[in-house]
Amino acid sequence: MELIKEKIKEINRPSFRLVRNAGHYAYHGSVLKAISPVIAKEYKMEDLRLAYERLFRKEEEAFMRHRSFEETKDIQAADQKRDELFCFIKRFIENMKYNPDPELKAGAEVLNRALALYRNAHRKSFEENTDMVDRFIAEIEKEEYAGALNRLDLQKSLSLLKEANTKFAALYHERLDKKRQRSSEEKMKQLRPLVDQAFFEVIKFINAIYLVSHEITKEEQVIDELGRIIDEINGCSEKLSVTKNPVLVT
């Protein structure tokens with residue numbers, strides 16, 4: 001019986017076109033951690049990694065500067081109010097699942113289905129948080145949840161959450177508009193393609209070394225070590241594809 005040949009690993013090339021700035025920054029930071037300076041030295045790709053890291057540090061500087069501008073006290077206060085309302089509704093539904101009244105318990109179990117995809121909204125970035133709360137409200141306002149909402153008397157809290165989320169979005173986008181007008185530094189939009197290109201050069205190098213080791217030199221240590229790095233970076237890319245949102249970056 002012919003043995004099935006082991007699949008050759010490679011780092012997949014993700015698309016960054018629709019990824020938000022925060023996701024882009026976090027992704028490349030994770031990749032640089034996976035490809036440590038020690039690994040770079042061992043495989044003689046120090047120059048490639050250094051070029052990649054230098055560009056990433058420029059992006060980091062720009063991202064942190066923009067982030068600090070966005071996170072003004074009034075935005076933080078609006079975000080906190082929105083999150084407090086969301087968490088109240090979330091925890092109320094979760095707690096009511098243990099209510100001894102069977103009707104209230106059943107209502108909570110129904111609403112918990114509407115909450116399922118959005119229960120961590122308050123832990124996300126400003127933009128993703130806003131989007132997830134919007135989608136949660138749209139979901140829980142569907143006709144199938146109306147009876148359960150009435151039984152648990154959550155309409156007022158939901159209305160307050162909708163209002164708080166709308167106010168936050170308006171304030172946040174007002175700040176973004178001002179940021180665009182005031183920014184005189186090298187923008188993320190200019191830096192991101194440079195960081196991406198440096199990343200592509202690094203992964204091309206790693207893929208080539210892995211392929212040669214797997215098919216020609218048969219060096220088990222290299223195959224195992226680079227294989228783990230390939231898996232880690234592809235894991236980062238999979239998370240990126242799940243969390244990216246079809247909104248153009250600023």
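The residues of the chain are indexed from 1 along the displayed sequence. What you see is a predicted model, and the numbers here were worked out from it, not measured in a lab.
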Next item on the list: Kindly work out whether a path of hydrophobic side-chain contacts (I/L/V/M/F/W/Y, heavy atoms less than 4.5 Å apart) joins Phe168 to Phe86.
Entry: no

Next item on the list: Could you tell me whether the side chain of Asn207 and the main chain of Ile11 form a donor-acceptor pair under 3.5 Å?
Entry: yes

Margin query: Is there a continuous path of hydrophobic side-chain contacts, each under 4.5 Å between heavy atoms, that joins Leu50 to Phe205?
Written below: no

Check: Between Ser159 (side chain) and Gln155 (backbone), is there a donor-acceptor pair under 3.5 Å?
Finding: no

Notebook entry, point to check: What pair of heavy atoms forms the shortest contact from Pro14 to Phe199, and how long is it?
Noted result: CD-CE2, 3.9 Å

Check: Are the charged groups of Arg119 and Glu94 less than 4.0 angstrom apart, N to O?
Finding: yes

Check: When rounded to the nearest 0.5 angstrom, what is the spacing between CD in Glu232 and OG in Ser30?
Finding: 8.0 Å

Check: Does the side chain of Lys9 reach to within under 4.5 Å of the side chain of Asn234, using non-hydrogen atoms?
Finding: no

Note to self: Can you tell me how far apart NZ (Lys142) and CD1 (Ile137) are? Round to the nearest 0.5 Å.
What the structure shows: 14.0 Å

Notebook entry, point to check: Which atoms form the tightest heavy-atom contact between Ile233 and Ile35, and what is the distance?
Noted result: CD1-CD1, 3.8 Å

Next item on the list: Would you mind reporting whether Ile140 and Leu115 have side-chain heavy atoms less than 4.5 Å apart?
Entry: no

Next item on the list: May I ask whether Met132 and Leu240 are part of the same hydrophobic cluster, defined by side-chain heavy atoms of I, L, V, M, F, W, Y residues being less than 4.5 angstrom apart, directly or through others?
Entry: no

Check: What pair of heavy atoms forms the shortest contact from Ala114 to Tyr145, and how long is it?
Finding: CB-CZ, 3.6 Å

Item checked: Student check: side-chain heavy atoms of Pro193 and Phe16 closer than 4.5 Å -> no

Margin query: Using the rule side-chain contact (heavy atoms from CB on, under 4.5 Å), only one of Val133, Thr166, Leu154 pairs with Leu161; which is it?
Written below: Val133

Notebook entry, point to check: Should Glu201 and Lys204 count as an ion pair when the cut-off is N to O under 4.0 Å?
Noted result: yes

Note to self: Checking Asp79 against Tyr172 for the side chain to side chain contact (heavy atoms under 4.5 Å, CB included) test, could you report, in this order, the C-alpha distance in whole Å, the side-chain angles of both residues, the deciding distance, and whether it holds?
What the structure shows: CA-CA 9 Å; Asp79 178 55; Tyr172 182 74; over 6 Å; no

Check: How long is the gap from CG on Leu152 to CG on Leu111, to the nearest 0.5 Å?
Finding: 5.5 Å

Notebook entry, point to check: Around Lys218, counting heavy atoms of other residues, nucleotides and ligands shown, do more than 12 lie under 6.0 Å from its NZ?
Noted result: yes

Notebook entry, point to check: Is the shortest heavy-atom distance from the side chain of Tyr25 to the side chain of Met64 under 4.5 Å?
Noted result: yes

Checklist line | Trace of the salt bridge (charged side-chain N to carboxylate O under 4.0 Å, His left out) decision for Arg228 with Asp231 | finding: CA-CA 5 Å; Arg228 285 193 299 271; Asp231 289 340; over 6 Å; no

Margin query: Using the salt bridge (Lys or Arg N to Asp or Glu O under 4.0 Å) criterion, which residues pair with Glu60? Sequence neighbours excluded.
Written below: Arg57

Check: Are the side chain of His173 and the backbone N or O of Ala169 linked by a donor-acceptor pair below 3.5 Å?
Finding: yes

Item checked: Derivation and outcome, side chain to side chain contact (heavy atoms under 4.5 Å, CB included), residues Tyr27 and Ser237 -> CA-CA 8 Å; Tyr27 176 83; Ser237 299; 2.8 Å; yes

Next item on the list: Mind checking the CD-CD spacing from Gln221 to Glu42? Nearest 0.5 Å is all I need.
Entry: 6.0 Å

Checklist line | Side-chain heavy atoms of Ile39 within contact of Glu225, under 4.5 Å | finding: yes

Note to self: Could you check whether Lys162 pairs with Glu141 (Lys NZ or Arg NE/NH1/NH2 to Asp/Glu carboxylate O, under 4.0 Å)?
What the structure shows: yes

Next item on the list: State, yes or no, whether a side-chain contact exists between Leu226 and Tyr43 at a heavy-atom distance under 4.5 Å.
Entry: yes

Notebook entry, point to check: For the atom pair CG (Leu160) and CG (Asn165), what is the distance rounded to the nearest 0.5 Å?
Noted result: 12.5 Å

Note to self: Show the nearest heavy-atom pair for residues His122 and Asn129, with the distance to one decimal.
What the structure shows: CA-ND2, 3.8 Å

Check: In terms of hydrophobic clusters joined by side-chain contacts under 4.5 Å, are Met45 and Val212 together?
Finding: no

Notebook entry, point to check: What is the minimum heavy-atom distance between Asn120 and Arg123, and which atoms define it?
Noted result: OD1-NH1, 2.5 Å

Checklist line | Within-4.5 Å side-chain heavy-atom neighbours: Tyr210 and Glu10 | finding: no

Next item on the list: Check Ser213 against Val222 and note the closest heavy-atom contact, atom names and distance.
Entry: OG-CG1, 3.1 Å

Next item on the list: Consider only side-chain heavy atoms of I, L, V, M, F, W and Y, link residues closer than 4.5 Å, and tell whether Phe126 and Leu85 are in one cluster.
Entry: no

Checklist line | Whether over 12 other heavy atoms sit under 6.0 Å from Asn95 CG | finding: yes

Item checked: Between Glu127 and Ser125, a side-chain donor and acceptor under 3.5 Å -> no

Notebook entry, point to check: How about Glu84 and Gln80: does a side-chain donor come under 3.5 Å of a side-chain acceptor?
Noted result: yes

Check: Given side chains that start at C-beta, do those of Arg192 and Val19 come closer than 4.5 Å, heavy atoms only?
Finding: yes

Checklist line | Phe200 six-ring face occupied by Arg13 cation (under 6.0 Å, within 45°) | finding: yes

Check: If we ignore angles and hydrogens, is there a donor and acceptor under 3.5 Å between the side chains of Arg82 and Thr130?
Finding: yes

Notebook entry, point to check: Salt bridge or not for Glu53 and Arg49, using N-O below 4.0 Å?
Noted result: yes

Next item on the list: Could you grab the distance from atom CG of Leu158 to atom CD of Glu163, nearest 0.5 Å is fine?
Entry: 12.0 Å

Can I get a per-line list of side-chain donor-acceptor pairs under 3.5 Å for residues 98-110, giving both atom names and the distance, sequence neighbours left out?
unit_1 : atom_1 : unit_2 : atom_2 : d
Asn99  : OD1    : Asp101 : N      : 2.8
Asp101 : OD1    : Glu103 : N      : 2.9
Asp101 : OD1    : Leu104 : N      : 3.4

Item checked: With Tyr52, the side-chain contact (heavy atoms from CB on, under 4.5 Å) member among Ile203, Leu194, Asp196, Val31 -> Val31

